[in-house]
Colleague: 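Here it is, the structure, as structure tokens.
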Amino acid sequence: MKKISALLIFLALLSTICPQTPQKPQEQPAPEDVIRITTNLVQTDLVVTDKNDQVIKDLKLEDFELLDNGKKQDIKFMEFVGVDTATRVEGAVPALPRGVQPDLPSSGVATQDLKRVVAFVVDDLTIASDDMSRVRDLLTGFVDNQMLDGDLVAIVRVVGGSGLLQQFSADKQLLRRAIQNLTPKSHPFAAGAPGFTAADVMPQPAGETPGTNEAGVSSGLDAEAQTDDVNKGFRDLIGLSVTNSLITSMKSIPGRKSVVLFSGGLPLYDVNDQGTVIDRSTGETLPVDQIRPLYGDMGSLIRNIVDNASRSGVVVHTMDVRGLEGAAKFKYEEAKSALGMTVGSQSVGGGGENPGFGRTPGASIIPGPETLAGAEGLRWLANSTGGIASINTNNFRAGLDKILTRSQGYYVLGYTPSEKFDAKFHKISVKVRRDGTHVYARTGYIAREDQIDTATPVTKEDKILKAAMSPLTKTQLGVSTLVQHKFLPDGKAQIDINLFIDPKTLHFTQSSDGKYQDSFDVAGFVFDHTGRLRGGFSNTVTPILTPEQFKDALAAGLTDAAHTELPPGYFELRVVVRENETGRIGTTSRYLEVPNISRKQLTMSSLFLFSVPANQTSNAGAVPLQAQRRVSRSQDLRYAAVIYNPKVSGGQQQLRTQTIVSQRGKVLLQEPEQPVSGPLSGIQVIKIGQLGLSRVPPGQYVLTVITTDPAADKKSPRTISRSIDFTVVN
């Protein structure tokens, strides 16, 4: 695989022909559920629940009342979008404005199949180590048990993340890797981080009391030089800025999106011991409903977050992972007369030294100002965008379940504002004319027009790159990949990329000589864990097929292949196919993980499949099954894998394998464990097996090989498995 030095490098032509210009299907823009704010249209999305906190799905246009800055608006249309129901529209939905893209492509989920978009933001500046393990457990439970087909998920860290593991994906393996990497970040502004000495502070002699060296005065902007309040402000600004950037980036994804912020508190405001809020600029105490931000420059960021959430169709939910500190308990004092008291040395009324006798609250375990302030900041952020604040509770699973329940359906309301835009923040209020309902809506927006991209049409290279970088898959062309790897002596992995293109989705034309022809571009990109491009490939494919070849292609598909070498690490492959005549695009992506065999832990190559004549044990007539893994019932299926780093004792390995064949989650064949009989060559041994298919009904199956090394060290993995699907045909 060659490195990509420009956007695309067209390397090869399978064959050349000047295609005729037939009637071709054109791309038709499809309506997309993108929130828009213009002088002629303001859209806002909201969730309505009943008294049991279940989403109400049958409301009509006349059930809603909407106020913009206190003035009633004429709602032009209402749309209900449900995860498991068809979209329902009432009223006249305006056409997309010029420059708005009708649909988008991405990794794993197509626009028409999209159900939920959830971005989990983990504020590793504020979350302690013990609490971070709780976050990992919550996210693992979501990915394993609650993530649906059609969900698009991202796990974003405030300061400790890296490119590949922070993107939107439907790949559970990639998401699990991102979860494993969640740890508190060592950062000068992190909560509880030890202080450090600024570079311009004079070193002090050993044994000298800190602070006695008056010559060492720091002027740098370091964490120790600032007050704790200022460091809190920096933590708030960093966390909110990352959340704001994420919200803005989600604008191009259709639908109502959710951001779930896991935090150890967001103290936007000062709180005293009585729980009232202090205005930092004047020092005065204020009622809770009159609170103002802790820092003056944060007010603008807060308004921008609310406005960007409105324009991007994003609702922010918050979870305080510190949990509940505990209810007030009581301690007992020795009983004294309630009438007694002491004035100076004089005892009055029975000498009661402690008139507050009896049970008194243990104030040390009542949540203090810091906890209250952090919880109120999280509550404000969620309420302002129509989200849920899960705070002051230890039932974190229930909090996440409640957030996910709110994602089952939502309404979009559109209206033409009755007043001109003035670039000021406009408050929105929505009411529902039905008893027992609760509305979760945004607090408002900044009255300015969305910026519409009116640039000239992009080139085909730009479209290919945009499709490759998008978080949604493009499905106008049927594209899939099979990626297989095995290790080389230098520790790198040899990667075989087998590409399958469904010819039924291509627009072949028949020339005067009866041959079928088409032309399409294939481009592949490999990104490492930091999101850096590590290489790629590009071909222009121009197949010219006889009628017999065309018939075979329709049955078996078109294939292409590429090869590369990768070092240990985790990567992502993204492939784009674009048909030149119609401009239609298909994309696919795969997460790749290359183990480090130098660690001497048990690992395994991919499974490689071959079709061989029935009951044959030699290599004669063996045909590799690559992108299209179809094998006839009249043949046998041979599989092979290379196992690395078995524990060796006396020159012998003790590996055992078990082969399982399943279909739609049901096990059809489960062989007993058997020893691996292949010869040991250095650190590797080959496992080969063969299955007869004469009695197997046509259909798609999954082959899994589980390898166990009973002699492996306790700290090393003892079991590893690989799976691959194949199709049996008559």
Side-chain angles (χ1 to χ4, degrees), residues 31-39 41-47 79 81 83 93-94 96-97 99-106 109 111 114-121 151-156 158 166-169 239-261 300-318 380-388 403 406-407 409-415 417 421 423 425-428 430 440-453 466 469-472:
E32 183 177 322
D33 182 13
V34 176
I35 298 297
R36 301 189 295 278
I37 296 178
T38 69
T39 54
L41 173 68
V42 173
Q43 289 180 215
T44 186
D45 58 300
L46 52 105
V47 170
E79 180 181 18
V81 182
V83 170
V93 180
L96 288 173
V100 176
Q101 295 296 321
D103 55 22
L104 300 169
S106 134
V109 180
T111 302
L114 189 62
K115 289 187 177 178
R116 300 180 298 186
V117 180
V118 185
F120 295 100
V121 178
D151 283 355
L152 205 56
V153 179
I155 297 174
V156 179
V158 167
Q166 300 205 125
Q167 66 178 1
F168 280 99
S169 177
L240 289 174
S241 296
V242 170
T243 303
N244 192 35
S245 297
L246 176 63
I247 289 170
T248 302
S249 71
M250 296 170 71
K251 184 175 183 179
S252 60
I253 303 176
R256 177 180 168 99
K257 287 81 66 175
S258 297
V259 169
V260 183
L261 173 62
S300 175
L301 176 59
I302 289 170
R303 288 191 296 273
N304 280 331
I305 289 176
V306 177
D307 180 60
N308 287 334
S310 297
R311 296 172 188 274
S312 300
V314 173
V315 57
V316 181
H317 307 284
T318 56
W380 169 86
L381 181 59
N383 290 346
S384 298
T385 60
I388 297 171
I403 289 171
R406 295 281 174 83
S407 303
Y410 63 93
Y411 293 88
V412 178
L413 303 180
Y415 65 96
F421 277 12
F425 190 82
H426 282 215
K427 292 183 179 180
I428 292 179
V430 180
Y440 296 89
R442 309 180 188 285
T443 57
Y445 66 99
I446 297 176
R448 55 178 172 79
E449 290 238 25
D450 274 335
Q451 298 297 315
I452 304 298
D453 183 10
K466 183 176 181 179
M469 301 303 294
S470 172
L472 292 169

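Position 1 is the first residue of the sequence; numbering continues from there. Model, not experiment: these values are computed from the prediction.
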Colleague: Which residues satisfy the ring-ring contact (aromatic ring centres under 6.0 Å, His included) test with Tyr445, sequence neighbours excluded?
Modeller: His426
Colleague: Would you call Tyr410 and Val315 a side-chain contact if the rule is heavy atoms closer than 4.5 Å?
Modeller: no
Colleague: Once you round to the nearest 0.5 Å, how far does OG of Ser245 lie from CG of Leu240?
Modeller: 11.0 Å
Colleague: Hey, what do you get for CG (Asp45) to CZ (Arg442), rounding to the nearest 0.5 Å?
Modeller: 4.0 Å
Colleague: Does Tyr415 have any ring-ring contact (aromatic ring centres under 6.0 Å, His included) partners at least two apart in sequence or in another chain, and if so, which?
Modeller: none
Colleague: Assess whether side-chain contact (heavy atoms from CB on, under 4.5 Å) is satisfied between Ser249 and Leu246, documenting all intermediate values.
Modeller: CA-CA 5 Å; Ser249 71; Leu246 176 63; 3.9 Å; yes
Colleague: Quick one: does any side-chain atom of Lys257 pair with a main-chain N or O of Gly255 as donor and acceptor, under 3.5 Å?
Modeller: yes
Colleague: Less than 4.5 Å apart, any side-chain heavy atom of Arg311 and any of Arg448?
Modeller: yes
Colleague: Is the side chain of Thr318 donor-acceptor paired with the backbone N or O of Leu261 at a distance under 3.5 Å, no angle test?
Modeller: no
Colleague: What distance separates Ser310 OG from Ile247 CD1, expressed to the nearest 0.5 Å?
Modeller: 9.5 Å
Colleague: Looking at every non-hydrogen atom in both residues, tell me the closest pair between Gly444 and Val306 and how far apart they are.
Modeller: O-CG1, 3.8 Å
Colleague: For Val260, does its backbone N or O pair with a side-chain atom of His317 as donor and acceptor, under 3.5 Å?
Modeller: no
Colleague: Does the side chain of Asn304 come within less than 4.5 Å of Ile446's, by heavy atoms?
Modeller: yes
Colleague: How many angstroms lie between OG in Ser407 and CZ in Arg256, if you round to the nearest 0.5 Å?
Modeller: 8.0 Å
Colleague: Atom CG in Leu413, atom CG in Leu46: separation rounded to 0.5 Å?
Modeller: 5.0 Å
Colleague: Tell me the closest heavy-atom pair linking Ala119 and Phe168, and the distance in Å.
Modeller: CB-CZ, 3.8 Å
Colleague: For Val314 and Thr385, run side-chain contact (heavy atoms from CB on, under 4.5 Å): C-alpha distance rounded to whole Å, both residues' side-chain angles, the deciding distance at 0.1 Å, then the answer.
Modeller: CA-CA 8 Å; Val314 173; Thr385 60; over 6 Å; no
Colleague: Is any side-chain heavy atom of Asp151 closer than 4.5 Å to a side-chain heavy atom of Val118?
Modeller: no
Colleague: A side-chain contact here means heavy atoms from C-beta on lying under 4.5 Å apart; do Arg406 and Ile388 qualify?
Modeller: yes
Colleague: Using every non-hydrogen atom in the two residues, find where Leu41 and Gly414 come nearest and quote the distance to one decimal.
Modeller: CD1-CA, 4.2 Å
Colleague: Working note: Val42 + Phe421, criterion side-chain contact (heavy atoms from CB on, under 4.5 Å); need CA distance, chi angles, decisive distance, verdict.
Modeller: CA-CA 11 Å; Val42 173; Phe421 277 12; 4.0 Å; yes
Colleague: Run Val117 and Met250 through side-chain contact (heavy atoms from CB on, under 4.5 Å) and show every step you take.
Modeller: CA-CA 9 Å; Val117 180; Met250 296 170 71; 4.1 Å; yes
